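All figures in this text were calculated on a predicted structure; none of them were measured in a lab. As the structure lists them, so they are numbered: ligands from 1, and atoms in each ligand from 1. The figures that follow rest on heavy atoms only: side chains count, while hydrogens, waters and symmetry mates do not.
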Amino acid sequence: MTPREEIMTFFKALASATVLAGCMFATAQAEGLVVGFSQIGSESGWRAAETTLTKQQAEKRGIDLKFADAQQKQENQIKALRSFIAQGVDAILVAPVVATGWDEVLEEAKEAEIPVILLDRTVDADKELYMTAVTSDLVHEGKVAGEWLAKTVGDKPCNIVELQGTTGSSPAIDRKKGFEEGIAGKANLKIVRSQTGDFTRTKGKEVMESFLKAEDGGKNICALYAHNDDMAVGAIQAIKEAGLKPGTDILVVSIDAVPDIFLAMAAGEANATVELTPNMAGPAFDALEAYKKDGTMPPKWIQTESKLYTQADNPQKVYEEKKGLGY
Ligand code: GZL
């Protein structure tokens, strides 16, 4: 080998070693990260799936996830965030149960230079207080549901009852707003009753029972719009117990696309749902790893997709596909 060839061989080897070291360093960036996750609770099938997938994503990336279940209480979430700050975690994930009341604790996280990522819900706080929010377009979801109903009923008069999500939460506020946009200008479509079912099956059934009683046993009700599938599934039970046919006597449209709503659709008892991915943690951890690696700052909103499913979309098959995915 000539001296020139020897030098070329040396520098090629050096270049490969540098690239390899870089990749290992990048992976090392993900390995060993300690992340605190304040989860709202387990109020719905969707929430349970989000928790499962977040833990799976952390495991896959070698992230040490400190998990705290707030049992639907904001004060428990704030306590958890303070504990994560005291532990000096590398980052915090939080699914904020309601939209207000976060400024102080987010300030404390900023002071401690701990990046905060919002999952699936947003907060009414200065955007500088969190790194990014991984959510769907909640207004759009409601609008898709409203537009589907408007298209389905045509000019027929249709009294709608609405099961709202948790009072004060961004999905409850935005899904209501979006649905009203979706039915705007349709004089034949009217929301006659609207109340929170707190995103749970139990409450959804209870409130639907009260709607049915108040509306002549349900004879005056043409459709139910529920801010999530779990409340819709509870309401379907109430409609059946009132001797009516959900999906026919009372149309049912909701949001999340959890497996059980597809079972109801396959039985003709639900009509449409708008999908919300439970994998919010994947994009969140991607953004965090990029930030830790070289300071790359993500956009303030990482939007996840929303897709309408109806009875025309082979619900039994969708159920089979979805049932193993962490729900
Ligand atoms: C919406 C999410 C909602 C789900 C419900 O982004 O926060 O919370 O739609 C869950 O199932 O309770």
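Residue F199 has at least one heavy-atom neighbour below 4.0 Å for each of these atoms of ligand 1: 5 (C), 12 (O). Short contacts between ligand 1 and W46, defined as distances under 4.0 Å to a heavy atom of the residue, involve ligand atoms 11 (O). Proximity to L138 (heavy-atom distance under 4.0 Å) selects the following atoms of ligand 1: 6 (O). Interface of R47 with ligand 1, defined as ligand atoms under 4.0 Å from a residue heavy atom, comprises 2 (C), 3 (C), 7 (O), 8 (O), 10 (C). The E43 neighbourhood of ligand 1 comprises atoms 8 (O), 10 (C), 12 (O), with distances under 4.0 Å to a heavy atom of that residue.
At a heavy-atom distance under 4.0 Å, atoms from both the backbone and the side chain of D120 approach ligand 1. Proximity of V258 to ligand 1, defined as any heavy-atom pair under 4.0 Å, is not found for any part of the residue. Of the heavy atoms in E141, none comes closer than 4.0 Å to ligand 1.
Closest to atom 1 (C) of ligand 1 by heavy atom, among Q72, R121, R175, is R175.
Checking H227, E162, E141 one by one against R175, the side chain to side chain donor-acceptor pair (under 3.5 Å) holds for a single residue, E141.
Rounded to the nearest 0.5 Å, atoms CG (L118) and NZ (K300) are 9.0 Å apart. In this structure, the separation between CG on L288 and CZ on R61 is 9.0 Å, given to the nearest 0.5 Å.
At least one heavy atom of L276 sits under 4.0 Å from some atom of ligand 1.
With respect to the salt-bridge test (charged N to carboxylate O, under 4.0 angstrom), the residues D137 and K143 do not qualify. By the 4.0 Å N-to-carboxylate-O rule, D174 lies too far from R121 to be salt-bridged with it. A salt bridge does not link K79 to E75: none of the charged side-chain nitrogens sits closer than 4.0 Å to a carboxylate oxygen. Using a cut-off of 4.0 Å between Lys/Arg side-chain N and Asp/Glu carboxylate O, E209 and K205 are scored as salt-bridged.
Protein heavy atom closest to atom 11 (O) of ligand 1, with residue, atom name and distance, is D256 OD2, 2.6 Å.
With a 6.0 Å cutoff to the six-membered ring centre and a 45° limit on the axis angle, K307 counts as a cation-pi contact of Y309.
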